[in-house]
Colleague: 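Got a structure here, written out as structure tokens. Questions coming.
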2 protein chains.
Amino acid sequence: MVTALENDPDYRQLLRDAGLRVTPQRASIVTILSETDDHPNVEDLYEKARALDDTVSVATVYRTMSVLENAGLVRKLVMDDAPARYEMTPPTDHDHLVDVDSGDLVEIPGTEIAELMGRVAAELGYQIVSHHTVIRARKT
Amino acid sequence: MVTALENDPDYRQLLRDAGLRVTPQRASIVTILSETDDHPNVEDLYEKARALDDTVSVATVYRTMSVLENAGLVRKLVMDDAPARYEMTPPTDHDHLVDVDSGDLVEIPGTEIAELMGRVAAELGYQIVSHHTVIRARKT
DNA sequence: CATGTAAATGCGAATTATTCGCAGATGTCA
DNA sequence: TGACATCTGCGAATAATTCGCATTTACATG
């Protein structure tokens, strides 16, 4: 069930804090993205957003995701052979594992990976902006 | 300088061992990929392959990379916002770091990351098929 | 609240990377 | 030396994403 937009001042504020205008389209998209547990691609978002607000266009979904990614509110997950998926930037970092047989996307909990990467980047004289790991694996 | 194809039975054997036919196009492409230190995309490969053998077509470069990737001879590096790049599957594993300012692609040496991922995947009941990490970072 | 203005939107066309279909060429193996 | 499955080039087709532009709209300011 999707919460009525009027009851979600949170997301509106999130947008404002990022210096972005709060449009109904953006509100719908962010609401959907916040309330889902999976990692939708643009098509998913477009369809669900349309159900809330039938003025949303695909182009706007793309533009919104780009803008949100830039603002650091959203993370883009680039897949090997499928359209990109998105998730709200998670409070606790995690990486992803794709089940090559079923296509499932599993979150890898914990910060071990992130910590190691930070250390490794530091050794090379770099500071991490973002990192993205996708493991392709098969159930044992 | 590019070594004459006739002097590179290595790559030809590599293809045969993978059950693939050795065509001049594939030989050119594999030679180029083996002798380069950077991580070319299809366009790079196409241009360089043309210099060796002007019958090579883009479609064949794509097909060859796909076939080589499937055979595990080549690794595809999926970038966020640019065409995929390729490298020969390295004897010692490594991951990649993109300098967000210059666009440079730096190899991360060592097996620490790979080991950690193997462990983490195992904990989730999976066995790694491949993993791919791209760190986006900025010089400190 | 009226309103000027930059920012955002929808639409469809354009781009970009990649794949496909097919007819002809060519490795490989008997 | 065939036979034939595999490859190839070509150009057309797809799929994902971006762009151009005319119109609308959020929102700061008076």
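Throughout, protein chains are lettered first and strands after them, A, B, ... in sequence-line order, and every chain is numbered starting at 1.
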Colleague: Please check: side-chain N/O of A:Thr89 versus main-chain N/O of A:Gly72, any donor-acceptor pairing under 3.5 Å?
Modeller: yes

Colleague: Please report the interatomic distance NE2(A:His96) to CD1(A:Ile135), rounded to the nearest 0.5 Å.
Modeller: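 The distance works out to 11.0 Å.
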
Colleague: Could you measure the distance from the OG1 atom of B:Thr133 to the CE atom of B:Met117? Nearest 0.5 Å is fine.
Modeller: 3.0 Å

Colleague: Taking A:Ser66 for its side chain and A:Tyr62 for its backbone only, find out whether a donor-acceptor pair lies under 3.5 Å.
Modeller: no

Colleague: Between B:Leu105 and B:Asp38, is there a side-chain heavy-atom distance shorter than 4.5 Å?
Modeller: no

Colleague: Whole Å only: how far is the CG atom of B:Leu15 from the C1' atom of D:dC7?
Modeller: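 Rounding to the nearest Å, CG of B:Leu15 and C1' of D:dC7 are 13 Å apart.
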
Colleague: Distance check needed: C:dT16 P versus B:Asn41 CG, whole Å only.
Modeller: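 Interatomic distance, CG of B:Asn41 to P of C:dT16: 14 Å.
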
Colleague: Rounded to whole Å, how long is the line connecting atom CE of B:Met65 with atom C1' of D:dT8?
Modeller: 17 Å

Colleague: Classify every nucleotide of nucleotides 16-23 of chain D by which part a protein heavy atom approaches to under 4.0 Å, writing B for the base, S for the sugar-phosphate alone and - for neither, in 5'-to-3' order.
Modeller: SBBBB---

Colleague: Which atom names give the shortest non-hydrogen contact between B:Leu116 and A:Ile113, and what distance separates them?
Modeller: CD2-CA, 3.7 Å

Colleague: Could you encode protein contacts along nucleotides 24-30 of chain D as a string, one character per nucleotide from 5' to 3', using B for base contact, S for sugar-phosphate-only contact and - for no contact, with a heavy-atom cut-off of under 4.0 Å?
Modeller: -BBS---

Colleague: First locate atom CE of B:Met88, then atom CD of B:Glu35, and finally report the distance between them rounded to the nearest 0.5 Å.
Modeller: 10.5 Å

Colleague: State whether A:Thr60 places a side-chain N or O below 4.0 Å from either non-bridging phosphate oxygen (OP1 or OP2) of C:dG10.
Modeller: yes

Colleague: Atom CZ of A:Arg85 and atom P of D:dA15: how far apart are they, to the nearest Å?
Modeller: 18 Å

Colleague: Given the rule that I, L, V, M, F, W and Y join up when any side-chain heavy atoms are under 4.5 Å apart, are A:Leu45 and A:Met79 in one cluster?
Modeller: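 Different hydrophobic clusters.
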
Colleague: Under 3.5 Å, side chain of A:Thr60 to main-chain N/O of A:Val56, donor-acceptor pair present?
Modeller: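 Looks like no, no N/O pair under 3.5 Å.
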
Colleague: Using whole Å, report how far CE of A:Met79 lies from P of C:dT18.
Modeller: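 Taking atom P of C:dT18 as the reference, CE of A:Met79 is at 16 Å.
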
Colleague: Without decimals, in angstroms, what is the distance between A:Asp80 CG and D:dA15 P?
Modeller: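 Roughly 19 Å, once rounded to whole Å.
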
Colleague: From OH of B:Tyr46 over to P of C:dT19, roughly how many Å is that when rounded to an integer?
Modeller: 17 Å

